[in-house]
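Just the heavy atoms: all of them, side chains too, but no hydrogens, waters or symmetry mates, feed the values below.
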Amino acid sequence: MTVESTDSTGSVESSGSAQPAGPSTRPEAPRPAPFDWLDEAAARRRSAGLVRTLRPRAADEPLLDLASNDYLGLVRHPRVTRAAADAALRWGGGATGSRLVTGSTALHAELEAELAAFCGAEAALVFSSGYTANLAAVTALTDADTVIVSDALNHASLIDGCRLSRARVARAAHRSPDAVRAELAARPEPRALVVSDSVFSVDGDAAPLARHAAACRDHGAALLVDDAHGLGVLGPGGAGALAAAGLAGAPDVVTTVTLSKSLGSQGGAVLGPRRVIEHLIQSARTFIFDTGLAPAAVGAALGALRLLQEQPERAERARAVGRELSARLTAAGLDASVPDAAVVSVRVTAPEKALAWAAACREQGVLVGCFRPPSVPDRWSRLRLTARADLTPEQIAHAVEVLVRAEPSQ
């Protein structure tokens with residue numbers, strides 16, 4: 001038989017039979033090692049001043065801490081640490097399995113009941129972190145027939161939940177009920193979920209939750225609020241942003257919280273209507289397939305929650321410290337945000353300056369956070385300060401003095 005083939009010039013050749021292609025005589029370019037691209041990525045980070053460094057802290061580090069999320073000053077409170085130790089001694093060092101197998105203890109159920117009651121929700125479900133709680137709520141409450149309307153500056157855990165969901169995601173302008181309303185009105189999907197932080201972690205500004213809820217109700221949508229930075233700080237006695245907005249216990253609102261900020265422990269929870277919580281137990285992958293929260297963390301969170309209920313003035317004190325830090329920094333000429341809760345940021349023109357400023361503060365005994373792109377969505381870096389209810393007037397004055405003195409000249 002005759003076979004026609006085309007050579008590299010495009011001409012057609014004929015041969016009496018098909019011949020298998022022989023091995024290429026052209027030398028093959030060496031392939032890069034599988035992780036060589038990581039070196040290139042690291043070099044780009046270094047040139048942009050965006051390298052992040054783990055800095056293990058000592059247990060007795062002598063620094064004035066304005067970087068942690070310990071808003072109520074409870075992480076070292078004797079009652080909280082004793083509750084953690086007692087829980088570990090009674091239940092062991094770990095949860096031993098997923099919540100649906102061996103990872104649920106009577107202590108978990110106790111925390112869920114008391115947390116729901118404190119926040120005014122029908123029910124609560126505890127997760128191993130606030131991150132996994134957000135992933136669970138977003139993915140389990142949406143499907144391909146849902147649109148998620150997400151605030152442009154939401155936390156990474158909410159964004160990741162949106163990415164993992166099967167829903168269409170519409171990005172709404174920051175803190176804009178009008179943008180939310182427009183997206184809901186134009187949607188073709190039968191279901192919609194509006195997702196927002198209550199207090200945004202970079203600048204400490206609060207979402208207009210009441211107006212978001214009104215837009216949701218006008219268009220048959222549900223509202224999911226990440227109250228990580230509101231629980232323990234906002235609302236009566238620190239009951240959270242939903243309580244402050246008059247939305248606690250609403251049948252169309254779900255909230256997520258962390259136990260690692262105001263409650264000085266670790267873990268997270270979803271709170272809302274009982275049927276929502278039951279649905280999460282049956283379908284949320286970060287609940288079903290994740291090991292339960294360690295008993296020590298459950299005990300610490302429960303101890304902190306009970307202490308907060310006995311001392312509700314801690315919430316107002318955290319807010320007051322935030323306002324004072326902002327006012328003093330602004331009076332000193334720094335570009336400080338006005339906090340709606342307990343987060344105060346100072347805008348910095350460049351990441352290198354932010355790093356140098358934070359390092360200088362540390363050298364002078366004050367620990368502040370340093371946020372740079374891509375952790376912040378715009379071109380501004382920030383020093384991030386977290387107000388704590390246990391800061392004294394002298395400590396506040398000292399922190400401001402150090403920040404002003406340590407600012408780099410360039």
Side-chain angles (χ1 to χ4, degrees), residues 69 71-72 115-116 118-121 124 127 129-131 133-138 141 148-159 161-162 172-177 179-180 193-217 221-250 252-263 267-273 276 305 308 314-316 318-319 322-323 337-345 377 384 386-387:
N69 294 315
Y71 295 128
L72 303 183
L115 189 60
F118 177 67
C119 295
F127 288 75
S129 70
Y131 210 110
N134 272 342
L135 293 183
V138 175
L141 296 177
I148 300 173
V149 182
S150 177
D151 188 286
L153 299 188
N154 274 340
H155 188 264
S157 56
L158 290 176
I159 294 171
C162 291
H174 180 50
R175 298 176 69 232
S176 174
V180 168
L193 179 70
V194 174
V195 178
S196 178
D197 286 7
S198 65
V199 177
F200 293 87
S201 59
V202 174
D203 286 324
D205 51 334
L209 296 183
R211 293 180 65 195
H212 281 344
C216 288
R217 286 166 183 166
L223 176 62
L224 172 62
V225 178
D226 176 358
D227 202 21
H229 297 275
L231 179 67
V233 177
L234 297 179
L242 292 189
L247 297 172
D252 52 357
V253 179
V254 176
T255 185
T256 59
V257 298
T258 82
L259 311 177
S260 58
K261 295 179 173 60
S262 287
L263 298 186
V270 180
L271 300 91
V276 169
L305 180 61
L308 174 57
R314 285 180 180 265
E316 169 53 33
R319 297 195 300 270
R323 292 191 297 268
S337 66
V338 178
D340 288 325
V343 174
V344 179
S345 70
R384 179 178 177 272
T386 50

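- Nearest approach of C119 to A248, heavy atoms of both residues: O-CB, 3.4 Å.
- The shortest non-hydrogen separation linking L135 to S157 is CD2-O, 3.6 Å.
- Using a 4.5 Å heavy-atom threshold, the side chains of V233 and V199 count as separate.
- Contact between D340 and A206 at its shortest, heavy atoms only, is OD2-N, 2.7 Å.
- Legend: residues meeting side-chain contact (heavy atoms from CB on, under 4.5 Å) with S176, ordered by chain and number and at least two apart, are A173, D178, A179.
- Considering only heavy atoms from C-beta on, D197 stays 4.5 Å or farther from D151 through its side chain.
- Remark: F118 pairs with no residue by the ring-ring contact (aromatic ring centres under 6.0 Å, His included) rule, at least two apart or across chains.
- Within the structure, side chain to side chain donor-acceptor pair (under 3.5 Å) contacts touching residues 201-213 (residues at least two apart or in different chains) are H174-D205, D203-S345, D203-R382.
- Looking at residues two or more places apart in sequence or on another chain, you find a side-chain contact (heavy atoms from CB on, under 4.5 Å) between A133 and F127, V270.
- Residues V202 and L153 form no side-chain contact, since every pair of their non-hydrogen atoms from C-beta on lies 4.5 Å or further apart.
- Side-chain atoms of R314 do not come within 3.5 Å of backbone N or O of L308 as any donor-acceptor pair.
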Could you go through the side-chain contact (heavy atoms from CB on, under 4.5 Å) check for L242 and L271 one step at a time? CA-CA 11 Å; L242 292 189; L271 300 91; over 6 Å; no

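- Qualifying side-chain hydrogen bond (donor to acceptor under 3.5 Å, both in side chains) partners for D227, counting only residues two or more places apart in sequence or in other chains: S198.
- When the side-chain contact (heavy atoms from CB on, under 4.5 Å) test is applied to V343, the partners found at least two apart in sequence or on another chain are Y71, H229, R384.
- Annotation: side-chain hydrogen bond (donor to acceptor under 3.5 Å, both in side chains) contacts of R175 (sequence neighbours excluded): none.
- Across A250 and P273, no two heavy atoms sit closer than the pair O-CG, 4.1 Å.
- C216 and L223 get closest at one heavy-atom pair: SG-CB, 4.0 Å.
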Please test R217 against D252 for side-chain contact (heavy atoms from CB on, under 4.5 Å), starting from the C-alpha separation and ending with a verdict. CA-CA 8 Å; R217 286 166 183 166; D252 52 357; 2.9 Å; yes

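- Using a distance-only test at 3.5 Å, with no hydrogens or angles considered, a donor-acceptor pair links the side chain of T255 to the main chain of V225.
- Residues A137 and T256 approach most closely at CB-CG2, 4.0 Å, considering heavy atoms.
- At distances below 3.5 Å, not a single donor-acceptor pair connects side-chain atoms of D226 with backbone N or O atoms of H155.
- For C162, the side-chain contact (heavy atoms from CB on, under 4.5 Å) partners are V138, I148, S150, V169, not counting sequence neighbours.
- Qualifying side-chain hydrogen bond (donor to acceptor under 3.5 Å, both in side chains) partners for T258, counting only residues two or more places apart in sequence or in other chains: S260.
- The distance from the CG atom of L259 to the CG atom of L231 is 8.0 Å, given to the nearest 0.5 Å.
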